[in-house]
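Worth saying up front: this structure is predicted, and the values here are computed from it rather than measured. Only heavy atoms go into these numbers, but all of them, side chains included; no hydrogens, no water, no symmetry mates. Chain naming here is simple, since letters A, B, ... match the order of the sequence lines and numbering starts at 1 in each.
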Number of protein chains: 2
Amino acid sequence: MNIGTASEKSGLPAKTIRYYEDIGLLRPDRAGNGYRDYSMSDVHRLRFLQRSRSLGFSVEECRQLLSLYGDKERESADVKAIAEIKLVEIDRKLAELTELRNTLRHLVHNCHGDDRPDCPIIDGLSGKATQ
Amino acid sequence: MNIGTASEKSGLPAKTIRYYEDIGLLRPDRAGNGYRDYSMSDVHRLRFLQRSRSLGFSVEECRQLLSLYGDKERESADVKAIAEIKLVEIDRKLAELTELRNTLRHLVHNCHGDDRPDCPIIDGLSGKATQ
DNA sequence: ATAAGGCTTCCAGTAACTGGAAACTCAAGG
DNA sequence: CCTTGAGTTTCCAGTTACTGGAAGCCTTAT
């Protein structure tokens, strides 16, 4: 499939997809006319990249994560070690994200939604209490 | 407190803290000697920025999120509306992160951890199945 | 008094895109 | 068949969000 379709399916702009190829994150085939030709496997890599980038992993971390799935040469012990390190990071992110959500949810539920600017959360988070 | 202490407490490099001031994300006091003087409230903003940036929110999104807590002038209806939009985003991120974790966890538990490179997950995620 | 370490500003460099120009390819309409 | 418009190519320049380094001031410890 062409880059436009891969872009739709992955949620990444075509520009970004070409950039990822430049830095060696994937290597799609080329059709006879010179157009890039993406397989479903490429699209999966791209979706994975879209997701992990949007979750705050650096490109290099994404490269490492991708290698967990893609690199058949890598030894299982390696895969397991790297995956375990990343798991810790992911769990930390999950905890932070959950906390952020709870705060916002509390904000939504406790605010009047009218004109009065006296949300109960605001003071707590602005640091008043702890100062 | 000085920028070094604020850096320790927030987990952000001093460089980044100055940069955030440049782009108007906080406005610490200045001591008599010209040094920046951070309050606990500043540190909370910084910790909030550290967290939300590491979770994949752009600086502009962080600015918007910060305004939910900080801007006493903003009307409650506004706060509620913005918070609800961000909640949807956060829930999506949570779902994606959970999925990523489950995949990695499965990888860790099902791999032998020895030399044999035959993790059961690898094929599924590399796109073989769906191709 | 001097040395070390932290702070200041400023300017340049990096990471990860993003936009735009000029040219080629392809599918559809006249 | 020709054209027109949309999609693709490469290349080069610009943007965002930092990050590193130089040069100089401030502070504390010997």
Whichever of B:Y19 and A:T5 has its nearest DNA chain D nucleotide further upstream toward 5':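 Per heavy-atom nearest nucleotide, the more 5' residue is A:T5.
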Which residue lies more 5' along DNA chain D, comparing B:V59 with A:D37 via nearest heavy atoms: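 Whichever sits nearer the 5' end wins; that is A:D37.
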When you get a sec, tell me which of [options] is the closest nucleotide to the side chain of [X]?
X	options	answer
B:R53	D:dT9, C:dG6, D:dC18	D:dC18
A:I3	D:dG21, D:dC26, D:dT8	D:dT8
A:N2	D:dT8, C:dG6, D:dC11	D:dT8
B:R18	C:dT8, D:dC26, D:dG20	C:dT8
A:P13	C:dT18, C:dC7, C:dG20	C:dT18
B:R36	C:dT8, C:dG19, C:dC17	C:dT8

Would you mind reading off the distance between [X] atom [atom1] and [N] atom [atom2], rounded to a whole angstrom?
X	N	atom1	atom2	result
B:I17	C:dT8	CD1	P	10 Å
A:I23	C:dA15	CD1	P	10 Å
B:K15	C:dG13	NZ	C1'	11 Å
A:Y35	C:dA27	OH	C1'	11 Å
A:D22	C:dA16	CG	C1'	12 Å
B:E8	C:dG6	CD	C1'	12 Å
B:Y38	C:dG6	OH	P	16 Å

Check whether any side-chain nitrogen or oxygen of [X] sits under 4.0 Å from OP1 or OP2 of [N], and answer yes or no.
X	N	answer
B:T16	D:dT19	yes
A:Y20	C:dC17	yes
B:N33	D:dC25	no
A:R30	D:dT10	yes

NZ or CZ of A:K93 within 45° of A:F57 ring axis and under 6.0 Å: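 Checked: cation-pi criterion met.
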Nearest heavy-atom neighbours spanning B:V59 and B:R53: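 Heavy atoms only, the tightest pair is CG2-NE, 3.6 Å.
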Member of B:L25, B:L49, B:L55 meeting the side-chain contact (heavy atoms from CB on, under 4.5 Å) criterion with B:C62: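 Testing B:C62 for a side-chain contact (heavy atoms from CB on, under 4.5 Å) against B:L25, B:L49, B:L55 leaves exactly one candidate, B:L49.
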Interatomic spacing from CG in B:D42 to CG in B:D37 - rounded to 0.5 Å: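 So the CG of B:D42 and the CG of B:D37 are separated by 8.5 Å.
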Intermediate values then yes/no, salt bridge (Lys or Arg N to Asp or Glu O under 4.0 Å), B:E21 and B:R18: CA-CA 5 Å; B:E21 181 179 347; B:R18 292 195 198 96; over 6 Å; no
